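In listed order, ligands and their atoms are each counted from 1. Everything numeric here is computed off the predicted structure, so don't read it as measured data.
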Amino acid sequence: MIPLLGGLKKGLVFVISAPAGTGKTTLVRMLRDEFHCLIESVSFTTRKPRTSEKEGVDYFFISKEAFEQKIREGEFLEHAQVFDNYYGTSKIFVEKEREKGKHVILIIDTQGALQLMQKLDAVFIFISPPSLEELKNRLYRRNADTDETIALRLSWAEKEMALAPRYNYHIINENLKIAYDVLRSILIAEEHRNPPQ
Ligand code: 5GP
């Protein structure tokens, strides 16, 4: 049975960080399919779209100049440079959805999450692979990156994984079904949490 969720007047924010190849996209997709009270935040980026990506669905793709203008105008809840590109979460996007009662999921890197820990009442979740060795195997199996990019992703993953204890929850995705059960349990529990008195 699907638990009845989505009864809050103002939605919650879930911040998820995970190295590439951890299964975060699959896990969040499963969560969205089960719980319609959830929406994934659409970030702005200066990265070029990949062939399967759609404007306004995967990201809002903008130029570096337009991104810098948005920083000056204070439009981002957080922003960071990840590898060679800028990424930022739109304040208005998140606020509008929360006001509709939707829970907003931000899938952002650790730099962005650390900024939000200072200023936003949100639920912070880190998803790890079982080990760096397993992550390396998954990245090779995925066949999406060159050896050089994989080496870069692995060294960045190691740095990100060292920050996992700073998050409220840490899920190790060794088995997708178990990881998903933990993730959905967090959502259900957080929706039932009393606000501080
Ligand atoms: P990709 O280019 O593969 O879509 O994303 C690269 C990294 O940027 C991922 O770790 C992703 O979570 C992160 N990212 C995506 N959007 C944002 C954002 O708005 N802010 C921050 N800080 N990181 C983001």
What is the closest protein heavy atom to [atom], and at what distance does it sit?
atom: atom 12 (O) of ligand 1; value: Ile107 O, 3.2 Å
atom: atom 23 (N) of ligand 1; value: Asp109 N, 3.2 Å
atom: atom 20 (N) of ligand 1; value: Glu78 OE2, 2.8 Å
atom: atom 6 (C) of ligand 1; value: Tyr87 OH, 3.6 Å
atom: atom 3 (O) of ligand 1; value: Arg50 NH2, 3.0 Å
atom: atom 16 (N) of ligand 1; value: Ser43 OG, 3.3 Å

Taking only heavy atoms of [X], which atoms of ligand 1 are found under 4.0 Å from at least one of them?
X: Gly112; answer: 22 (N)
X: Lys24; answer: 9 (C), 10 (O), 12 (O)
X: Gly88; answer: 18 (C), 19 (O)
X: Ala80; answer: 22 (N)

I'd like to know if [X] and [Y] make a salt bridge, using a cut-off of under 4.0 Å between side-chain N and carboxylate O.
X: Glu134; Y: Arg141; result: yes
X: Arg184; Y: Asp181; result: no
X: Arg50; Y: Glu53; result: yes
X: Asp33; Y: Arg29; result: no
X: Lys10; Y: Glu95; result: yes
X: Lys100; Y: Glu97; result: yes

Notebook entry, point to check: Who pairs with Thr146 by side-chain contact (heavy atoms from CB on, under 4.5 Å), at least two apart in sequence or on another chain?
Noted result: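 Only Glu148, Thr149 meet the side-chain contact (heavy atoms from CB on, under 4.5 Å) criterion with Thr146.
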Next item on the list: Tell me, please: is Gln111 in heavy-atom contact with ligand 1, that is, under 4.0 Å?
Entry: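 Gln111 does not count as a contact of ligand 1 under the 4.0 Å cut-off.
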Next item on the list: Decide whether the shortest distance between a heavy atom of Tyr59 and an atom of ligand 1 is less than 4.0 Å.
Entry: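 The answer is yes, since Tyr59 has a heavy atom less than 4.0 Å from ligand 1.
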Checklist line | Check: Phe14 ring centroid to Phe124 ring centroid under 6.0 Å | finding: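 They do not qualify: ring centres at least 6.0 Å apart.
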Next item on the list: Kindly confirm or rule out an N or O of Arg47 lying under 3.5 angstrom from an N or O of ligand 1.
Entry: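 Such a contact does occur with ligand 1.
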Check: Should the proximity of Val82 to ligand 1, defined as any heavy atom under 4.0 Å, be assigned to the side chain, the backbone, both, or neither?
Finding: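 Side chain only.
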Checklist line | Flag for Glu190-Tyr169: side-chain donor and acceptor within less than 3.5 Å | finding: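 The criterion, which ignores hydrogens and geometry beyond distance, is satisfied for Glu190 and Tyr169.
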